[in-house]
Amino acid sequence: MRTFTQKQEEIERDWYVVDAEGETLGRLASRIAPILKGKHKPIYTPHLDCGDFVIIVNAEKVRVTGRKLDQKLYHRHSGYPGGLKSISLRDQLNKYPERVLQAAIKGMLPKNKLGRRMIKKLKVYAGDVHPHEAQQPKPLEL
């Protein structure tokens with residue numbers, strides 16, 4: 001028997017839309033990351049990006065448990081000495097709600113070229129409208 005190996009040009013990608021309203025942040029991220037990887041497909045190949053596109057709407061209505069809204073911090077650095085900036089989850093959700101889900105899902109993907117290619121298939125929107133109707137996304141039940 002020969003082992004089947006998927007080729008890059010044979011990969012078919014679907015589009016899914018997920019409503020994040022009322023969903024818990026980490027649980028939602030842990031269900032979307034394998035879809036971006038392609039692990040839900042029988043033709044999953046670890047060294048290829050065979051995942052599907054995922055559109056997340058209502059990112060501003062995602063919920064968190066405990067005291068994470070005030071205790072969880074997001075850090076970024078300018079590259080200069082003393083250039084560390086921190087922002088709490090509450091402020092991040094008010095200013096840039098898309099970045100919260102983006103960061104949670106990105107942390108669950110591989111930290112290499114493959115992971116950077118996978119995260120590009122994630123589209124996150126704060127409201128309930130998105131510009132990808134032409135792709136006819138299917139609703140994804142999580």
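One is the number of the first residue; the rest follow in order along the sequence.
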Handout entry: Greater than 12 external heavy atoms within 6.0 Å of Gln71's CD
Key = yes

Practice task
Answer with yes or no whether the hydrophobic clustering places Met118 together with Ile32; edges join I, L, V, M, F, W, Y residues whose side-chain heavy atoms lie under 4.5 Å apart.
Solution key: yes

Exercise for the section: Could you list the residues that satisfy salt bridge (charged side-chain N to carboxylate O under 4.0 Å, His left out) with Glu98, not counting sequence neighbours? Expected result: none

Exercise for the section: Find out if a path of hydrophobic residues (ILVMFWY) with successive side-chain heavy-atom gaps under 4.5 Å connects Ile35 to Trp15. Expected result: no

Exercise for the section: Can you sort out the partners of Gln102 under side-chain contact (heavy atoms from CB on, under 4.5 Å), two or more places apart, ordered by chain and number? Expected result: Ile119, Leu122, Val124

Handout entry: Tyr125: partners by ring pair (Phe, Tyr, Trp, His ring centres under 6.0 Å), with sequence neighbours left out
Key = His132

Review item, side-chain donor-acceptor pairs of residues 133-142, under 3.5 Å, at least two apart:
from	atom 1	to	atom 2	distance (Å)
Glu133	OE2	His130	NE2	3.2

Practice task
Using salt bridge (charged side-chain N to carboxylate O under 4.0 Å, His left out) as the criterion, list what pairs up with Asp128, not counting sequence neighbours.
Solution key: none

Practice task
Just jot down the salt bridge (charged side-chain N to carboxylate O under 4.0 Å, His left out) partners of Lys39, sequence neighbours excluded, or say none.
Solution key: none

Exercise for the section: Give, for atom CD of Glu60 and atom CD of Glu21, the distance between the pair rounded to the nearest 0.5 Å. Expected result: 9.0 Å

Practice task
Would you give the length of the straight line joining atom OG1 of Thr5 to atom CG of Leu48, rounded to the nearest 0.5 angstrom?
Solution key: 8.5 Å

Exercise for the section: To the nearest 0.5 Å, tell me how far Arg31 CZ sits from His40 NE2. Expected result: 15.5 Å

Problem - Side chain proximity check, Lys95 to Ile87, heavy atoms < 4.5 angstrom - result: yes

Problem - Student check: side-chain heavy atoms of Val100 and Tyr74 closer than 4.5 Å - result: yes

Problem - Reported CZ-to-NZ distance for the pair Arg116 and Lys113, which is rounded to 0.5 angstrom - result: 7.5 Å

Practice task
Take atom NZ of Lys106 as the centre, draw a 6.0 Å sphere, and report whether it contains more than 12 heavy atoms from other residues, nucleotides or ligands.
Solution key: no

Handout entry: Whichever hydrophobic residues join Val129 through chains of side-chain contacts under 4.5 Å
Key = none

Practice task
Please examine the side chains of Lys123 and Pro131, heavy atoms only from C-beta on, and report whether any two atoms are closer than 4.5 Å.
Solution key: no

Completion exercise
Residue set satisfying side-chain contact (heavy atoms from CB on, under 4.5 Å) with Ser88, at least two apart, ordered chain then number -> Leu73, Arg90, Asp91

Practice task
Determine whether Leu28 and Leu36 fall in the same hydrophobic cluster, where Ile, Leu, Val, Met, Phe, Trp and Tyr are linked whenever their side-chain heavy atoms lie under 4.5 Å apart.
Solution key: yes

Exercise for the section: Output every pair passing side chain to side chain donor-acceptor pair (under 3.5 Å) with a member in residues 76-85, not counting sequence neighbours, ordered by first then second residue. Expected result: none

Handout entry: Which residues share a side-chain contact (heavy atoms from CB on, under 4.5 Å) with Arg13, sequence neighbours left out
Key = Gln8, Ile11, Asp49, Asp52, Phe53, Lys121

Fill in the blank from the handout: Members sharing Met108's hydrophobic cluster, built from side-chain contacts under 4.5 Å between Ile, Leu, Val, Met, Phe, Trp and Tyr, are none

Exercise for the section: To the nearest 0.5 angstrom, please state how far the OG atom of Ser30 sits from the CG atom of Leu25. Expected result: 9.5 Å

Problem - Contacts of Lys111 that satisfy side-chain contact (heavy atoms from CB on, under 4.5 Å) - sequence neighbours left out - result: none

Practice task
Check whether any side-chain heavy atom of Ile105 lies under 4.5 Å from a side-chain heavy atom of Ile56, and answer yes or no.
Solution key: yes

Problem - Side chains of His47 and Leu114 in contact at under 4.5 Å (non-hydrogen atoms) - result: no

Exercise for the section: Give a yes or no answer on whether the side chain of Glu23 reaches the backbone of Arg27 with a donor-acceptor pair at less than 3.5 Å. Expected result: no

Problem - Under 3.5 Å: donor-acceptor pair, side chain of Lys68, backbone of Thr65 - result: yes

Handout entry: Cluster link Leu109 to Tyr16, ILVMFWY, side chain under 4.5 Å
Key = yes

Exercise for the section: Please name the pair of heavy atoms, one in Ala126 and one in Pro97, separated by the smallest distance, quoted to 0.1 Å. Expected result: CB-CG, 3.6 Å

Practice task
Kindly give the heavy-atom pair with the smallest separation between Ala20 and Leu101, and that separation in Å.
Solution key: CB-CD1, 4.3 Å

